[in-house]
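Taking it in order: structure first as structure tokens, then the write-up.
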Amino acid sequence: MQADQKNKASNAATRDTVRLNPDDNVVIALRNLQAGEQPFDLSIPLTEAIARGHKIAAAPIPSGENVIRYGQIIGQAKADIALGEHVHVHNLGMGAHQQDYAHASANVPLPEINEARTFQGFHRSDGKVGTRNYIGILTTVNCSGSVARFIAEAAQKTGILEEFPNVDGVVPIVHGTGCGMSGKDEGYATLFRTLAGYAQHPNFAGILLIGLGCEVMQVADLVGGRPIRQDGVLRYMTIQNEGGTRRTIERGLEELRGIAELANQATRSPAPLSAITVGMQCGGSDGYSGITANPALGYASDLLVRHGGTTILSETSEVYGAEHLLTRRAETPEVGQKLIDRIHWWEDYTARNGGEMDNNPSPGNKRGGLTTILEKSLGAVAKGGTAPMRDVYKFGEMIDKKGFVFMDSPGFDPCSVTGQVASGANLIVFTTGRGSVSGYQPTPCIKLATNSEMYARMADDMDLNCGDIVTDGISIESKGEELFEILIRVASGEKTKSEDLGFGGVEFVPWQIGAVM
């Protein structure tokens, strides 16, 4: 699917529609088409206007028949669809979802690249390498969130960090949970992994951990029994034991100074690309996502894996319908089955909460041309390139293998990225067609625009335009290579647009599973 998709997308600059696979019975509009126009791939004029990114029937499709895009089923016709008719929510439905998983049947290793490329990173005592050098103020519970922000604001006002030029800043990690929950269920375990993952993250030179004192997620449970950080740069306190807000702020500033003195000793030095872990995300997707930015990211993912690095695909609810493409690439049948086990968990999870998997495409996705979750997922998995899938991890579980891996998460972007960062991602790459804006301290986020129109409108938020794959005939390979070089520069300290804008203050969103009590 991907090779043919690359060729089609690269030739698209001279056309007004594109057929992504010879087996497709729809074509994709590459510009806004008016009624009466006759697109390149059709033998009749259009009877209605079709927006760019949307689907047009390339042949008559009887009611109940499969609609094919990327050479894969994206749903079934809900009514007879005529040649040249707009194919979207009014006449395309989800239909039955059954796949042949063929575990580990196409796990062809990529050739390694022996070129010793490096980036400039911060080496930590546990062998990991940071792309940034922040101090984190981590909270166990919502009730300590405001105090964590007060401490960060006080540090800014007093100018403490001006004495420590190697420290990138203080990042308060606050959230809306940590209490009113069970202390022994899946939701508790997920939050515990998330907080522990942030406490150990290589982009943090040190951590100040703050709790209230009476919450379910106890500070003692997080720090007791084992060292969270091998370097020992962890300080912790509870507001109740310190004697309230003001005293906690005063003590917090004292601890921050001590942490900053240690953090300031870190300097950038050469590190192998194998120390880079990229979390791959898409949000505000459109009909171009699976044609431009996602496959370009997939090519860059393969390049990084070939250099020994790690890439993480996530958003389980947004690979639904394309999971059979991933199970074929699983390193072993057991790895493939781990993904399917999570898919089945999600089917049960949505059902018991009164939802369904096809609820996922948002109104913005649909305005951009996407109709069913099957169609959205087929474009989304292109971010993962072609490398074998080495393992499947739980949300926030520490990634312990190099190469291409999968981490279970919702499709809600801030939540999914939170899990990837907790799992060790020291870079995030985020593709968007509608124009998502966000950032994820302590991990820099590189934004990719899927189309040139949105890029021109929101250039202050986007780091790379992939729409020129369609508008200018740029190849997916060359765009992927361009992104690969951006990865190295950002890992070495070049700021992204979201960093310049100051994003990251509200994007820590742990996955809340289970009853709120």
Side-chain angles (χ1 to χ4, degrees), residues 1-21 24 26-42 46 49-56 58 69-70 86-88 282-300 364-370 375-376 378-380 382-383 385 429-437 446-486 496-497:
M1 179 183 81
Q2 192 174 31
D4 186 71
Q5 181 179 330
K6 288 180 181 179
N7 293 334
K8 292 294 186 181
S10 296
N11 293 330
T14 59
R15 307 174 63 171
D16 43 30
T17 61
V18 62
R19 189 192 302 256
L20 298 173
N21 185 285
D24 290 357
V26 294
V27 296
I28 311 303
L30 298 180
R31 62 176 176 84
N32 292 330
L33 299 171
Q34 304 302 315
E37 289 192 67
Q38 183 171 327
F40 179 89
D41 287 298
L42 301 182
L46 296 175
I50 307 290
R52 63 173 178 80
H54 283 245
K55 298 174 290 296
I56 308 169
R69 178 180 179 176
Y70 304 114
H86 184 205
V87 178
H88 201 31
C282 55
S285 299
D286 67 354
Y288 278 19
S289 295
I291 302 173
T292 60
N294 287 357
L297 174 52
Y299 190 85
N365 295 152
K366 292 175 180 178
R367 285 193 295 271
L370 298 176
E375 179 182 17
K376 184 177 181 180
L378 287 163
K383 300 193 301 290
V429 179
F430 192 115
T431 72
T432 180
R434 304 298 294 177
S436 296
V437 296
I446 301 165
K447 287 284 180 52
L448 275 56
T450 71
N451 63 86
S452 297
E453 292 84 355
M454 185 274 287
Y455 178 80
R457 190 170 64 252
M458 300 184 65
D460 288 343
D461 290 275
M462 300 294 130
D463 297 284
L464 181 65
N465 179 29
C466 296
D468 52 9
I469 292 172
V470 166
T471 57
D472 301 329
I474 303 298
S475 72
I476 286 172
E477 293 84 353
S478 63
K479 187 59 63 173
E481 290 167 356
E482 183 180 359
L483 173 58
F484 178 70
E485 296 300 328
I486 292 174
T496 66
K497 295 290 183 67

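Since the model is a prediction, treat every value here as computed from it, not as a measurement.
- Taking all atoms of both residues into account, the shortest heavy-atom contact from Ala449 to Ala293 is O-CB, 4.2 Å.
- A salt bridge does not link Arg434 with Asp286: every distance from a Lys NZ or Arg NE/NH1/NH2 to an Asp or Glu carboxylate oxygen is 4.0 Å or more.
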Could you go step by step and tell me if Thr292 and Thr431 meet the side-chain contact (heavy atoms from CB on, under 4.5 Å) rule? CA-CA 10 Å; Thr292 60; Thr431 72; over 6 Å; no
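- Between Arg31 and Glu37, the closest heavy-atom pair is NH2-OE1, 2.6 Å.
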Would you check, one step at a time, whether the test side-chain contact (heavy atoms from CB on, under 4.5 Å) holds for Ile469 with Ile291? CA-CA 8 Å; Ile469 292 172; Ile291 302 173; 5.5 Å; no
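- The shortest heavy-atom contact between Gly283 and Phe430 is N-CE2, 3.4 Å.
- In this structure a side-chain-to-backbone donor-acceptor pair under 3.5 Å is missing from Thr17 to Pro39.
- Judged purely by atom type and a 3.5 angstrom limit, Arg19 uses its side chain to pair as donor or acceptor with the backbone of Asp24.
- Side-chain atoms of Asn32 come within 3.5 Å of backbone N or O of Arg52 as a donor-acceptor pair.
- When each of Ile476, Val470, Thr471, Asp472 is checked for a side-chain contact (heavy atoms from CB on, under 4.5 Å) with Ile474, only Asp472 meets the rule.
- Annotation: the span from Leu448 atom CG to Cys282 atom SG amounts to 11.0 Å, rounded to 0.5 Å.
- A donor-acceptor pair is defined here as one N or O able to donate and one able to accept, closer than 3.5 Å; such a pair exists between the side chain of Lys55 and the backbone of Gly369.
- At least one side-chain heavy atom of Met454 sits under 4.5 Å from a side-chain heavy atom of Thr432.
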Assess whether side chain to side chain donor-acceptor pair (under 3.5 Å) is satisfied between Thr496 and Asp463, documenting all intermediate values. CA-CA 7 Å; Thr496 66; Asp463 297 284; 4.9 Å; no
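- In terms of modelled atom types and a separation under 3.5 Å, the side chain of Lys497 and the main chain of Met462 share a donor-acceptor contact.
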Using the side chain to side chain donor-acceptor pair (under 3.5 Å) rule, take Asn365 and Ser285 through it: C-alpha gap first, then chi angles, then the decisive distance, then the call. CA-CA 5 Å; Asn365 295 152; Ser285 299; 4.6 Å; no
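- The closest donor-acceptor contact from the side chain of Asp16 to the backbone of Phe40 lies under 3.5 Å.
- Between the side chains of Asn294 and Ser289, no donor-acceptor pair of N or O atoms lies under 3.5 Å.
- Lys479 places a side-chain N or O within 3.5 Å of a backbone atom of Asn465 that can act as its donor or acceptor partner.
- With rounding to the nearest 0.5 angstrom, the CG atom of Leu378 is 11.0 Å from the CG atom of Asn21.
- In terms of modelled atom types and a separation under 3.5 Å, the side chain of His88 and the main chain of Arg367 share no donor-acceptor contact.
- To the nearest 0.5 angstrom, His86 atom NE2 is 5.0 Å from Ile50 atom CD1.
- The CD atom of Glu482 lies 10.5 Å from the OG atom of Ser475; values are rounded to the nearest 0.5 Å.
- The main-chain N or O of Leu30 is found under 3.5 Å from a side-chain atom of Tyr288 such that the two form a donor-acceptor pair.
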Arg15 and Asp41: side-chain contact (heavy atoms from CB on, under 4.5 Å), yes or no, with the steps? CA-CA 9 Å; Arg15 307 174 63 171; Asp41 287 298; 2.7 Å; yes
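- Put simply, CD on Glu481 and CD on Glu477 are 7.5 Å apart, with the number rounded to the nearest 0.5 Å.
- Lys447 NZ to Leu464 CG: the interatomic distance, rounded to the nearest 0.5 Å, is 13.0 Å.
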